[in-house]
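Here you go, one structure.
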Amino acid sequence: MNKLDEDTVAYVARLARVAISDHDIHLRTQELGQILHLVDVMQKVDTSGVAPTNQVTGLQDVWRADVVRTCSVSPAKLLEQAPRHQDGYIVVGRVLE
Amino acid sequence: MTINEVLAQLEQGKTTAVDLVRQAFSRIDAVNGEIDVVLTRLDDRALNAAQASDKRRKNNKKLGRLEGIPFTAKDMFLVDGVRTTAASKMLDSFVAPYTATAIAKLEAEGAILIAKVNQDEYAHGGSTEYSAYGPSRNPRNLDRVPGGSSGGSAAALAAGIGFFSIGTDTGGSIRQPAAYCGVIGVKPTYGLISRYGVVAMASSLDVVGPLTHTIADAALVTDIMAGRDEMDATSIASGLIIPSNEHPGRVGVVREYVESLGSVERSLYNDVFKQLKLSGWEIADVSLPNLEYALPCYYVLTPSEISSNLERYDGIRYGSTANSTGDLEAMYASTRGMFFGSEVKRRILTGTYALSAGYYDAYYKKAMQLRTLVCADFKRAFSEFDILLGPTTPTTAFRLGEHSTDPVEMYLADIMTVAANLAGIPATSIPITSSNGMPLGLQIMAAQQAEAMMFAAAREAEHVLSVVLPEVMV
């Protein structure tokens, strides 16, 4: 399970959209290896047939009435949060070549 | 002073909200240089609120049960028009456009927010050393950490800044700093308090809770914040929280926790259990065999949820952004590489790895299955016992820098607190004294939504143990 190399960490960093310098990849690989070592104790438990849990208070399909309400925050106020905005739009970098 | 004592003084006209707020700020002036707990002061906002509060009191139009009481909040809580950083450079200049439900409910009862306080970045950590704005210090010993991630909350309260604080607890982040600083810290049932307007860490585990000086105060503040909120689909209706005459019938001591302690701490906790027995508690040992998997399970689920939740920090809609000339993807990566701290990146990478194709079953799914086993252990225990007891932490507060070279060492400080989050049960830490003069915590756990029972037991324990901690150093 614990076969972790720098290429894998570089790939994971790319998936996570986090820039990591070549210098740091070595350290990050080491750290991730330590963390995986800590959690690998899980592997000794036989969990076949055990249902996974992701919600603990038993809530299911939480509904509310389909009523239109006004948002407490104005679009202008939200737009102001964007580092770059212009004419009521958020400015982003180039997506297509 | 406790909330109830201050309310009595206000009622008798011995003090005013304006005086209390001014005193809180002079306390900040006096001690913040040493303990570094305040990230943002709210002088004008708090003084205006205090003047309004005094006026209401004079006109007999009090808002509610916390009229005129100054408090602090961890910087995870959004407050309309107020800088909210989560102690991250990613949100360095972020001014919240709306207010968290928990804060709104406290203010609706007359409480006055005086400052946003320090924490580990995005609540990832157990010492405040991962704050992008530098660590806070423990007011009971300045060489020691206050714990974390709600370390600013615990340290501020212990140092006499405000009369309560609110924090968040994903794996112990309220109870552990409370134990380290010698105050009470409460992690309620999952969903009891709305997470609307709280910066997200791990959504299936995050809860909001109070840090206070007494159990009566903790029950009051919890009761005010509790309840279903349409803005948080996982929130639940609030039942009985403030205890009346409940008495803990059967009390179990979690054997796995006590056995893992060092000999000094073990005899210390055994003395505490003895005192409670002498006072009439019916105490027996209980075993939760899957507890040893709680920490590994937590350190897979939490980073996984973090990696997903923190996707939102993309440098586009709000928060900091890197000046990148490249394409969109390069801008994402450089923004996140530049403004996230080391521990945040560690957790994002771990989580992304655990969720990625090929590793999902071995890590994420496996951890969710182990969570089922941990929950089942608690269910079994609570079919026999009303209350479970254990330590909050294995040791007293560690020294600043002690765990800074090994991130996994830091994770081990959470070993006795994470299980309550995995099971969604309420847990409270109350202070006890240790042999080295620093406080420790007694952890009191109850079944989901059995807050009244938990507070009843904690109130009795508080009374029986009647702990007197040494004065703070600042």
Side-chain angles (χ1 to χ4, degrees), chain A residues 1 4 8-9 11-21 24 27-28 31-32 34-45 47-59 62-65 69 71-74 77-84 90-97, chain B residues 94 97-98 189-191 204 230 233-234 236 290 292-293 295-297 299-300 307 314-321 324 326-334 336-338 340 345-346 348-350 352-353 356 362-363 365-373 375 406-408 411 422-424 448:
Chain A
M1 196 62 56
L4 191 71
T8 307
V9 175
Y11 173 67
V12 167
R14 157 98 210 281
L15 288 179
R17 304 292 187 265
V18 176
I20 292 178
S21 67
D24 275 357
L27 176 68
R28 294 292 175 195
E31 288 171 350
L32 189 51
Q34 285 176 302
I35 294 166
L36 294 180
H37 181 72
L38 171 80
V39 302
D40 265 341
V41 63
M42 298 192 308
Q43 308 305 342
K44 71 177 186 185
V45 188
T47 50
S48 45
V50 177
T53 294
N54 49 30
Q55 214 291 327
V56 289
T57 50
L59 292 177
V62 178
W63 299 94
R64 65 166 175 81
R69 282 180 311 188
C71 180
S72 64
V73 192
S74 70
K77 199 168 167 184
L78 287 176
L79 199 65
E80 272 170 31
Q81 299 283 345
R84 291 165 68 207
I90 292 172
V91 178
V92 296
R94 190 178 67 245
V95 181
L96 299 171
E97 290 302 323
Chain B
F94 176 69
Y98 63 95
T189 300
Y190 178 77
S204 84
E230 242 189 16
T234 61
I236 55 177
N290 290 299
E292 71 169 296
Y293 306 113
L295 193 78
C297 169
Y299 275 105
V300 172
S307 75
D314 57 5
I316 290 180
R317 290 163 302 164
Y318 60 97
S320 306
T321 192
S324 164
D327 61 9
L328 193 63
E329 193 182 319
M331 194 281 287
Y332 289 150
S334 53
R336 293 159 63 81
M338 190 180 295
F340 282 145
K345 287 182 206 165
R346 253 193 301 274
I348 289 176
L349 292 179
T350 310
T352 306
Y353 180 82
S356 62
Y363 288 105
K365 188 178 169 205
K366 187 84 184 179
M368 286 202 295
Q369 289 175 310
L370 283 169
R371 186 173 188 181
T372 305
L373 299 180
C375 289
D406 184 354
V408 170
Y411 292 177
L422 293 173
Q448 279 186 16

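To find a chain, count down the sequence lines: A is the first, B the second, and so on, and within it residues start at 1. Predicted, not measured: the structure shown is a model, and the values here were computed from it. Excluded from the calculations below are hydrogen atoms, water molecules and symmetry mates; all remaining heavy atoms, backbone and side chain alike, are included.
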If you count heavy-atom pairs under 4.5 Å with chain B, which of A:Ala13, A:Ala19, A:Ser74 comes out on top?
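Heavy-atom pairs under 4.5 Å are most numerous for A:Ala19.
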What is the distance from atom CZ of A:Arg17 to atom CG of B:Leu328, rounded to the nearest 0.5 Å?
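Between atom CZ of A:Arg17 and atom CG of B:Leu328 there are 9.0 Å.
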Which portion of A:Leu38 sits near chain B, non-hydrogen atoms under 4.5 angstrom
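Contact with chain B: backbone and side chain both.
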I need the residue from A:Ala82, A:Ser21, A:Gly93 with the largest number of non-hydrogen atom pairs under 4.5 Å to chain B.
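It is A:Ala82.
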Write down the atom of A:Ser72, the atom of B:Tyr98, and the distance for their closest heavy-atom approach.
OG-CB, 4.4 Å
State, to 0.1 Å, how close B:Gly315 and A:Pro83 come at their nearest heavy-atom pair, and which atoms those are.
O-CG, 3.6 Å
Short question: side chain of B:Gln448, backbone of A:Val56 - any donor-acceptor pair under 3.5 Å?
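Indeed, once roles are kept as given, a pair shorter than 3.5 Å links the two residues.
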Between B:Thr372 and A:Ala51 (side chain of the first, backbone of the second, donor and acceptor by atom type, cut-off under 3.5 Å), is there such a pair?
yes
With a sphere of 6.0 Å drawn around NZ of A:Lys77, does it hold more than 12 non-hydrogen atoms of other residues, nucleotides or ligands?
yes
Is the shortest heavy-atom distance from the side chain of B:Pro97 to the side chain of A:Leu78 under 4.5 Å?
yes
Sole residue of B:Met368, B:Gln369, B:Arg371 in side chain to side chain contact (heavy atoms under 4.5 Å, CB included) with A:Thr53
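Exactly one candidate clears the test, B:Arg371.
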Between the main-chain N or O of B:Ala362 and the side-chain N or O of A:Gln43, is there a donor-acceptor pair closer than 3.5 Å?
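Checked: pair present.
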Measure the spacing between CD of B:Glu292 and NZ of A:Lys44 and express it to the nearest 0.5 Å.
4.5 Å
Tell me, side chain or backbone of B:Ala423 under 4.5 Å from chain A's heavy atoms, or both, or neither?
backbone
Which one of B:Ala233, B:Pro407, B:Gly424, B:Ser204 has the most heavy-atom pairs closer than 4.5 Å to chain A?
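So the answer, after comparing B:Ala233, B:Pro407, B:Gly424, B:Ser204, is B:Ala233.
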What residue in A:Val9, A:Asp24, A:Val39 has the most heavy-atom pairs under 4.5 Å with chain B?
A:Val39
For the pair B:Lys366 (side chain) and A:Val45 (backbone), establish whether a donor and an acceptor sit closer than 3.5 Å, ignoring hydrogens and angles.
yes
Is B:Asp406 in contact with chain A via its backbone, its side chain, both, or neither, using a 4.5 Å heavy-atom distance?
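Contact with chain A involves the side chain of B:Asp406 alone.
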With only heavy atoms counted, which part of B:Tyr293 is less than 4.5 Å from chain A, the side chain, the backbone, both or neither?
side chain
Checking heavy atoms, do the side chain of B:Ile236, its backbone, both or neither come under 4.5 Å from chain A?
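Side chain only.
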Contact leader toward chain A among B:Thr189, B:Leu349, B:Asn290, B:Thr321, where contacts are heavy-atom pairs under 4.5 Å
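Most heavy-atom pairs under 4.5 Å with chain A: B:Leu349.
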So how far is it from A:Ile20 CD1 to B:Arg336 CZ, rounded to the nearest 0.5 Å?
11.0 Å
Just one of A:Val92, A:Leu79, A:Ile90 clears the side chain to side chain contact (heavy atoms under 4.5 Å, CB included) bar with B:Arg317, so which one?
A:Ile90
Where on B:Ser356 is there a heavy atom nearer than 4.5 Å to chain A: the side chain, the backbone, both, or neither?
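Only the side chain of B:Ser356 comes within 4.5 Å of chain A.
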Assess whether a salt bridge exists between B:Arg346 and A:Glu31, defined as any Lys/Arg side-chain N lying under 4.0 Å from an Asp/Glu carboxylate O.
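Looking at A:Glu31 together with B:Arg346, the answer is yes, because their closest N to O distance falls below 4.0 Å.
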Evaluate the criterion side-chain contact (heavy atoms from CB on, under 4.5 Å) for residue pair B:Tyr299 and A:Leu36; output intermediate values, then yes/no.
CA-CA 9 Å; B:Tyr299 275 105; A:Leu36 294 180; over 6 Å; no
Most heavy-atom pairs under 4.5 angstrom with chain B, which of A:Arg84, A:Arg14, A:Arg28, A:Glu80?
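Greatest number of close heavy-atom pairs with chain B: A:Arg28.
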Please classify the contact of A:Val62 with chain B as side chain, backbone, both or neither, using a heavy-atom distance under 4.5 Å.
side chain
